[in-house]
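Since the structure comes first, as structure tokens, the remarks are kept for the end.
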Protein chains: 2
Amino acid sequence: MARTAHGGRRITIAHVAEAAGVSRATVSRVMNGLATVDPEIGRRVREAAEQLNYSPSTVARSLAMGRTQTVAIVVPDLGNPMFQDTLRGLSRAAARAGYRVLVADSAENPDEEIILAREARRRCDALVLVSPRMDSAVLGQLLPELAPVVLVNRESPVDGVPSLAVDYGAGIRAIVSELQRLGHRRLAYLAGPDGSYGNRARLDALHHLLDAESPEIVEVPCGAMFEDGYRAKDAVLATGATAAVCFNDLVALGLLGALHEAGIDVPGRISVTGFDGIQFARFASPALTTASVPQTQLGEEAWARLWSVLSDAEPADDLTVTPRLEIRASVGPAHQVHA
Amino acid sequence: MARTAHGGRRITIAHVAEAAGVSRATVSRVMNGLATVDPEIGRRVREAAEQLNYSPSTVARSLAMGRTQTVAIVVPDLGNPMFQDTLRGLSRAAARAGYRVLVADSAENPDEEIILAREARRRCDALVLVSPRMDSAVLGQLLPELAPVVLVNRESPVDGVPSLAVDYGAGIRAIVSELQRLGHRRLAYLAGPDGSYGNRARLDALHHLLDAESPEIVEVPCGAMFEDGYRAKDAVLATGATAAVCFNDLVALGLLGALHEAGIDVPGRISVTGFDGIQFARFASPALTTASVPQTQLGEEAWARLWSVLSDAEPADDLTVTPRLEIRASVGPAHQVHA
DNA sequence: TCTAGTCTGGAAACCGCTTTCTAGATCCCT
DNA sequence: AGGGATCTAGAAAGCGGTTTCCAGACTAGA
């Protein structure tokens with residue numbers, strides 16, 4: 001807790017009250033601009049506060065008022081650009097309302113995630129849970145005790161929990177349709193982590209391409225990181241596909257790097273697409289075609305949901321954002337395969 | 001604040017005390033594993049707590065004990081990969097000690113920064129200030145009232161404030177020396193933002209290259225973001241330099257993108273170097289040569305400094321980390337300029 | 001058996017603020 | 001001028017824990 005610079009005890013409301021010759025209640029009123037206090041007294045109090053360099057203890061305030069003006073966010077990995085953007089959106093939106101944000105990083109560990117969520121929630125007024133990795137049954141159990149909570153990038157197994165989803169299917173369909181237009185007949189899908197909700201959604205979409213003209217899909221196990229994409233190069237080439245649809249931008253950039261090193265022309269020999277629309281996709285060489293998810297907006301929307309609960313307002317509807325296809329230089333007409 | 005799921009009042013220590021037929025003091029002792037409490041009573045208390053699904057209020061606890069088990073970090077921009085890494089390092093290190101992290105994003109605004117720092121500090125036990133943008137006089141005034149505080153990526157104008165610095169000079173010298181080795185005689189320096197401490201440090205190093213053989217430096221005003229590097233392409237080419245030394249990796253990646261689009265060979269026609277060693281540098285095409293700053297480690301070290309103050313331990317020494325030169329494909333022998 | 005010493009657990013003060021309740025002062029209208 | 005309505009500011013009761021202090025029980029030694 002804050003002490004004065006000189007190691008003295010913290011200046012409390014009582015000191016100010018004494019200095020101004022009024023009661024603590026009055027100081028509190030003045031500090032909160034509450035009720036009508038005699039202007040002269042108000043002046044005296046403000047002066048005393050200024051003089052003593054008083055600033056009220058947020059902790060005591062929180063205890064007395066029963067709210068902390070703080071919300072928590074739990075993410076699986078602070079190192080992931082996606083979550084960073086969500087955090088940024090949330091943080092800035094919350095700041096505008098005078099709220100602060102507590103972060104917790106579960107390091108992709110589902111057990112840790114449960115503990116952190118509980119723990120973080122207890123310190124705060126509300127919680128944002130981003131892409132929780134825990135399984136559905138556990139999540140369903142946990143959510144009620146965490147309320148108010150909003151879920152980002154995952155469906156809620158129970159009712160009454162606002163959630164913000166991404167329409168991965170739509171993103172994938174947009175990508176495939178563009179590749180199809182360019183004449184690609186055989187696509188490699190670089191799959192994400194096995195348990196991942198997002199990966200499942202993408203696979204579902206790929207397996208349900210209705211069009212009879214739809215390209216053939218070859219699944220290549222991969223992962224979610226740079227390194228995974230980088231290492232997948234040979235497996236991708238071995239499929240004979242003319243385009244690689246990657247689980248996300250990180251994987252795509254990794255693949256791009258490996259292809260570049262191997263001197264393989266993109267998109268001449270093979271087209272590459274990502275997913276997420278991270279900042280870096282635009283500046284890759286060649287610039288990466290991707291389905292862009294407005295992650296920052298997701299953070300802002302998460303705040304909006306929390307705020308409406310915190311202020312007893314009408315709860316905003318659930319939102320499913322549709323990724324926007326960003327066509328860039330990493331895709332081109334299908335290369336003729338010499339069978 | 002947490003309520004029970006059913007909208008009832010929060011379960012407090014008093015409820016548990018009553019249920020177990022003991023005093024609140026005893027419950028507190030049991031919950032904290034304190035002193036010697038009769039095992040039978042301990043069992044009863046734990047059972048009651050379990051039964052009622054009791055969890056102590058962190059806020060009340062903080063008020064009573066005078067510490068929040070929370071530290072704050074103020075960064076200029078949560079969107080910047082450098083700060084993200086620092087945050088991540090701090091967060092994970094703090095978590096190991098049971099501490100949580102509050103984040104605040106000043107949006108590069110020095111005035112906002114001051115307010116945020118004060119505000120964040122009051123809610124927490126300590127503060128990390130990363131790359132503060134405020135000017136030195138203001139910083140000097142502010143620091144004492146923020147203590148315990150540690151400064152990352154900036155020197156303290158006052159004594160007694162632990163700070164973690166990056167030896168930008170050494171990084172720049174390593175880069176230049178490598179370029180010199182490759183025969184470059186004329187380098188363009190894509191400068192960072194004007195007020196930036198980091199930019200000043202880099203410039204100082206560039207202007208004090210002792211070696212008589214040192215290459216000539218041409219300064220190109222630029223900035224700190226992708227876009228800045230992207231836009232600087234023509235200005236860089238106009239200098240006739242055979243290598244571009246960029247303020248940071250973002251700028252370098254932007255420049256790389258623009259050069260790639262223009263069909264200009266890197267490093268054949270011009271070499272490009274970055275600074276910072278962000279994750280993406282490795283996977284750019286061509287992979288970016290950079291002076292890598294272990295930002296995550298900086299976050300961890302910041303925690304170590306805070307912790308030693310919080311636990312009254314011997315304060316750790318200030319640390320200056322030296323960037324490690326990562327030589328990658330974006331640099332090569334100097335291209336012969338036809339004067 | 002009596003007394004000094006040790007333990008256990010409860011009562012109560014405390015952390016620093018908010019907010020209800022209330023007494024007294026002020027105001028207004030008849 | 002009198003009496004109710006209105007307003008101001010203080011006293012005190014929380015908020016939910018921790019911790020000091022102390023009384024009573026129990027142990028042990030002479």
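The chains referred to below are lettered A, B, ... by the order of the sequence lines, with proteins before strands, and numbering in each begins at 1.
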Presence of B/S57 side-chain N/O under 4.0 Å of D/dG17 phosphate oxygens OP1/OP2: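 B/S57 to D/dG17 OP1/OP2: no side-chain N or O under 4.0 Å.
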So, does B/R10 get its side chain near the phosphate of D/dG17, meaning an N or O under 4.0 Å from OP1 or OP2?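 B/R10 to D/dG17 OP1/OP2: side-chain N or O found under 4.0 Å.
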Where the side chain of A/A64 is concerned, which of D/dC15, D/dT18, C/dC15 is the nearest nucleotide?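 Among the listed nucleotides, the one closest to the side chain of A/A64 is D/dC15.
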Counting only side-chain heavy atoms from C-beta out, which of C/dG9, C/dC15, C/dT18 sits nearest to B/D38?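 The closest nucleotide is C/dG9.
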Can you check the [X] [atom1] to [N] [atom2] distance for me, whole Å?
X	N	atom1	atom2	result
B/M65	D/dG16	CE	C1'	13 Å
A/E18	D/dA9	CD	P	19 Å
A/I13	C/dC14	CD1	P	18 Å
B/L63	C/dT18	CG	P	12 Å

State whether the number of non-hydrogen atoms from other residues, nucleotides or ligands found under 6.0 Å of A/E40 atom CD is greater than 12.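 Atom CD in A/E40 is crowded, with more than 12 foreign heavy atoms closer than 6.0 Å.
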NZ/NE/NH1/NH2 to OD/OE distance under 4.0 Å, [X] and [Y]:
X	Y	value
B/R121	B/E145	no
A/E301	A/R305	yes
B/D77	A/R92	yes

Short heteroatom pairs, N/O only, protein and nucleotides 10-12 of chain D, under 3.5 Å:
residue : atom : partner : partner atom : Å
D/dG10  : OP2  : A/S23   : N            : 3.0
D/dG10  : OP2  : A/S23   : OG           : 2.8
D/dG10  : OP2  : A/T26   : OG1          : 2.5
D/dG10  : N7   : A/R29   : NH1          : 3.3
D/dG10  : O6   : A/R29   : NH2          : 2.6

Degree of bending, the helix from C/dT1-D/dA30 to C/dT30-D/dA1 (end axes from five pairs; round to 10°):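 End axes: 50° apart.
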Base, sugar-phosphate alone, or nothing: which one does B/T12 contact when heavy atoms must sit under 4.0 Å apart?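 Counting heavy atoms under 4.0 Å across all strands, the contact made by B/T12 is with sugar-phosphate only.
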